Amino acid sequence: MNYENILVATDNKITTITINRPTKLNALNKATIHELHEAFKNAESDENVNVILLTGSGEKAFVAGADISEFAHFSVEEGAQLSAQGQELLFDFVENLKTPVIAAINGFALGGGLELAMSCHFRVASENAKMGLPEVSLGVIPGYGGTQRLPQLIGKGKAMELIMTAGMLNAEEALDWKLVNHVVSSAELIPFCTEIATKILRNSPIAISKAIKSINANFKDGVNGFETEIKNFGKSFGTEDFKEGTTAFLEKRKPVFTGK
Ligand code: COA
């Protein structure tokens, strides 16, 4: 598939999706959101893809936010629609993917950029990364899940402060605030994420997808996470991967998982 705003490459069951609008600091316009939706959907349905890395092109930005030039003239209704559509197509979509998604934050992750990184299952930042939700400085609020996912990740008080001040965290601060799991040099960012992805690849893809679902259930309104865990734990026993994993352990060999 040909994309204009993103690059997609797959190697050894790891797909790397790179947002590729470096002259606009990879800002998320409508077309990019649609292309990202397609790329994530295709990667998830591809049996040869078991981990997805998401990053930005260039040395300056992961994503510097939603494309301000596209919504500067929007009405109340258009604003609400922008938020709803974006959440459905990309942000909620990524969070609920069966395939693990790692955000490799290689520079600015601001506004919609940080919201996108927070939709990923976890985050690794390069030393030059800067993160924040500066929307109130533009007279709006975060609209791609930022008011929900930021407090989930760093706690309510810190989220209130970061959003109200429209402040920016550097990579070390983001690590300290538990917004990212690791900080590495720019050169090490993709190799380091690939190393984590390779560890994930050793494990059962179907068990991982059930774990993602169960962990996400902790944060969904009206869903009992413990019930979700019980259901998915039970379902695991009906998978080929469970038979393979337990058999391989008892036979003292490495398992060969098929994801079935
Ligand atoms: N939407 C649209 N365009 C954006 C953008 C965004 N969110 N962020 C950056 N750009 C564009 C700039 O307009 C500029 O385009 P131009 O060269 O055609 O004028 C280009 O990307 C480079 O950005 P510039 O501001 O010149 O880079 P900088 O190094 O001086 O500053 C930032 C970097 C990230 C501090 C600054 O670009 C910025 O504040 N961006 C907006 C961040 C934001 O508020 N995001 C939340 C949006 S809801």
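Ligands are counted one by one from 1 in listed order, and the atoms in each one are counted from 1 as well. Numbers here simply count residues along the sequence, with the first being 1. From a predicted model like this one, the values you see are computed outputs, not experimental measurements.
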Numbered in order shown, the ligand 1 atoms found under 4.0 Å of a heavy atom of Asp67 are 1 (N), 2 (C)
Please list every donor-acceptor pair under 3.5 Å in which a side-chain atom of residues 134-147 meets a protein atom from a residue at least two apart or in another chain.
unit_1, atom_1, unit_2, atom_2, d
Ser137, OG, Pro134, O, 2.5

With a 4.0 Å cut-off on heavy atoms, is Gly112 in contact with ligand 1?
no
Report the part of Thr23 in contact with ligand 1, treating N, CA, C, O as backbone and CB onward as side chain, heavy atoms under 4.0 Å; options are side chain, backbone, both, neither.
backbone
Checking salt bridge (Lys or Arg N to Asp or Glu O under 4.0 Å) for the pair Lys41/Glu38: CA distance, chi angles, key distance, verdict?
CA-CA 5 Å; Lys41 194 169 76 178; Glu38 282 306 309; 3.6 Å; yes
Exercise: identify the closest heavy-atom pair between Lys130 and Leu110:
O-CD2, 4.1 Å
Can you find a protein heavy atom closer to atom 12 (C) of ligand 1 than 4.0 Å?
no
Quick one: look up the protein heavy atom nearest atom 34 (C) of ligand 1 and list residue, atom name and how far away it is.
Leu110 CD1, 3.6 Å
Run the numbers for me: atoms of ligand 1, each under 4.0 Å from some heavy atom of Pro134, listed by number.
43 (C), 44 (O), 45 (N), 46 (C)
Val180 and side-chain contact (heavy atoms from CB on, under 4.5 Å): which partner among Val124, Leu169, Ile105?
Ile105
Polar atom proximity, Met168 to ligand 1 (N or O, under 3.5 Å):
no
Option passing side chain to side chain donor-acceptor pair (under 3.5 Å) with Asp67 (candidates Lys30, Lys24, Arg21):
Arg21
Inter-residue atom distance Gln152.CD - Arg149.CZ, 0.5 Å rounding
7.0 Å
Pairwise side-chain contact, Val63 with Thr32, heavy-atom cut-off 4.5 Å (strictly under):
no
If we number the atoms of ligand 1 from 1 as shown, the ones under 4.0 Å from a heavy atom of Leu138 are 44 (O), 47 (C), 48 (S)
Check Asn106 against Ala61 and note the closest heavy-atom contact, atom names and distance.
ND2-O, 3.2 Å
From atom 38 (C) of ligand 1, is the closest protein heavy-atom distance below 4.0 Å?
no
Per-atom contact, atom 45 (N) of ligand 1, protein heavy atoms, under 4.0 angstrom
yes
Look at atom 24 (P) of ligand 1 and say which protein heavy atom is nearest, naming residue and atom and giving the distance to 0.1 Å.
Leu25 CD1, 4.5 Å
Can you pull out the closest protein heavy atom to atom 35 (C) of ligand 1? Residue, atom name and distance to 0.1 Å, please.
Phe108 CZ, 4.1 Å
Could you work out, for atom 42 (C) of ligand 1, the closest of Gly65, Ala64, Pro22 by heavy-atom distance?
Ala64
Does Glu70 come within less than 4.0 angstrom of ligand 1, counting non-hydrogen atoms of the residue?
no
Would atom 6 (C) of ligand 1 count as contacted, meaning some protein heavy atom under 4.0 Å?
yes
Quick one: look at Ala27 and ligand 1, take heavy-atom pairs under 4.0 Å, and tell me if it's side chain, backbone, both or neither.
side chain
Are any non-hydrogen protein atoms located under 4.0 Å from atom 16 (P) of ligand 1?
yes
Distance to 0.1 Å, residue and atom name: give those for the protein heavy atom nearest to atom 1 (N) of ligand 1.
Ile68 N, 3.0 Å
Is atom 27 (O) of ligand 1 less than 4.0 angstrom from at least one protein heavy atom?
yes
Look at the side chain of Glu35 and the backbone N and O of Asn5, then say whether any donor-acceptor pair between them is shorter than 3.5 Å.
yes
Stepwise side chain to side chain donor-acceptor pair (under 3.5 Å) check, Thr239 with Asp241
CA-CA 5 Å; Thr239 65; Asp241 276 2; 5.8 Å; no
Identity and separation of the nearest protein heavy atom to atom 29 (O) of ligand 1:
Lys60 NZ, 2.5 Å
Atom 31 (O) of ligand 1: any protein heavy atom closer than 4.0 Å
no
Write down the atom of Ala159, the atom of Ile154, and the distance for their closest heavy-atom approach.
N-CD1, 3.7 Å
Indicate yes or no: does an N/O atom of Lys24 lie under 3.5 Å from an N/O atom of ligand 1?
yes
Looking only at heavy atoms, what is the nearest atom pair of Leu97 and His121, with distance?
O-CE1, 3.6 Å
Walk me through whether Glu78 and Ser75 qualify under side chain to side chain donor-acceptor pair (under 3.5 Å).
CA-CA 5 Å; Glu78 287 171 314; Ser75 65; 3.2 Å; yes
